[in-house]
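Working notes, beginning with the structure itself.
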Amino acid sequence: MERVTLDEQLSSAAMARHWVCDHCPDEHLPTARRWIAELLTSELVQNALDHGRGPVVLTLTHDEEGILVGITDAEGRVPTLRHQSPQATAGRGIALVDALATAWGVYRSDEGGPDDAAGGGEGWPQPREDGSSAKTVWFHLATR
């Protein structure tokens, strides 16, 4: 598992999507799927920056099955899939993740992690020293 801690600034979403693609071999993320990984990473990082609390940590695991990306922040509230009207100007990030990822979910430090087939719990958030809960919003994107 590879990880990077992101600065809480506007450019972090762009940096995160480039980092995911730079750290994932072509055989685990073919060119045709990279744009999906970039979009979903950018959406989830921006959500963490807008609605979460720092630090924001990006993790990446990859194998022949695909990639698993996790975005961890220190806010215990979890995102939910909401249906938006065509006129809505925000609130579509999780809908994009739901539509384009092979699987996605939320792992809170006080619960179990993503199942072992999707990357296991090692390296995912642990309870913080102050007793507050961290969360990771993750997505899996299959190679094919």
Side-chain angles (χ1 to χ4, degrees), residues 1-126 128 132-144:
M1 177 177 291
E2 298 182 60
R3 78 178 59 233
V4 64
T5 300
L6 304 171
D7 294 327
E8 295 182 49
Q9 56 189 1
L10 291 175
S11 62
S12 289
M15 192 284 295
R17 65 179 172 257
H18 295 298
W19 184 88
V20 165
C21 289
D22 289 346
H23 286 82
C24 194
D26 289 342
E27 63 269 18
H28 298 165
L29 189 62
T31 302
R33 311 256 321 147
R34 284 187 185 269
W35 72 271
I36 297 172
E38 290 178 3
L39 174 65
L40 300 185
T41 299
S42 184
E43 285 292 334
L44 292 181
V45 166
Q46 195 61 53
N47 279 356
L49 294 170
D50 289 347
H51 306 291
R53 292 185 299 133
V56 174
V57 178
L58 173 64
T59 55
L60 170 68
T61 303
H62 51 81
D63 61 21
E64 56 280 342
E65 299 293 321
I67 66 168
L68 179 69
V69 176
I71 294 84
T72 302
D73 68 66
E75 172 58 51
R77 290 178 300 152
V78 299
T80 58
L81 178 62
R82 294 182 283 172
H83 298 285
Q84 297 291 337
S85 72
Q87 295 78 23
T89 59
R92 290 189 173 81
I94 296 298
L96 285 170
V97 174
D98 187 64
L100 297 174
T102 307
W104 73 277
V106 179
Y107 159 57
R108 293 174 49 132
S109 60
D110 56 356
E111 301 172 344
D115 65 40
D116 288 327
E122 183 179 333
W124 296 88
Q126 301 302 311
R128 296 165 42 94
S132 64
S133 184
K135 73 164 178 312
T136 298
V137 182
W138 60 270
F139 71 87
H140 179 263
L141 187 59
T143 300
R144 290 171 189 59

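Considering CD of E43 and CG of L96, their distance stands at 5.5 Å, rounded to 0.5 Å. The NE2 atom of H62 lies 11.0 Å from the CE atom of M1; values are rounded to the nearest 0.5 Å. Note that CG of L40 and CZ of R33 are 9.5 Å apart. Values are rounded to the nearest 0.5 Å. Atom CG of L68 sits about 6.5 Å away from atom OG1 of T59, to the nearest 0.5 Å. We find the CG-CZ distance between D98 and R92 to be 14.5 Å, quoted to the nearest 0.5 Å. The distance from the CZ atom of R53 to the CD atom of E8 is 10.5 Å, given to the nearest 0.5 Å.
Residues L81 and A95 approach most closely at CD1-CA, 3.5 Å, considering heavy atoms. Across I67 and A37, no two heavy atoms sit closer than the pair CD1-CB, 3.9 Å. The two atoms that bring A74 and G54 nearest to each other are CB-O, 3.5 Å, heavy atoms only.
Q9 places no side-chain N or O within donor-acceptor distance of the main-chain N or O of S11, the cut-off being under 3.5 Å. Of the possible polar contacts, none joining the R17 side chain to the T41 backbone as a donor-acceptor pair under 3.5 Å is found. Checking side-chain atoms of H51 against main-chain N and O of N47 turns up no donor-acceptor pair under 3.5 Å. Of the possible polar contacts, one joining the R34 side chain to the C21 backbone as a donor-acceptor pair under 3.5 Å is found. At distances below 3.5 Å, at least one donor-acceptor pair connects side-chain atoms of T102 with backbone N or O atoms of A142. A side-chain donor-acceptor contact under 3.5 Å links K135 to the backbone of E75.
Residue V106 forms a side-chain contact (heavy atoms from CB on, under 4.5 Å) with just one option from T80, I94, V78, and that option is V78.
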Verdict with reasoning, C24 to L60, per side chain to side chain contact (heavy atoms under 4.5 Å, CB included): CA-CA 8 Å; C24 194; L60 170 68; 4.3 Å; yes
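Looking at heavy atoms from C-beta onward, F139 lies out of side-chain contact with L100 at the 4.5 angstrom threshold. The shortest distance between side-chain heavy atoms of L141 and V69 does not fall below 4.5 Å. A heavy-atom distance below 4.5 Å is found between the side chains of V137 and P79. By the 4.5 Å heavy-atom criterion applied to side chains, D73 and T136 are not counted as neighbours.
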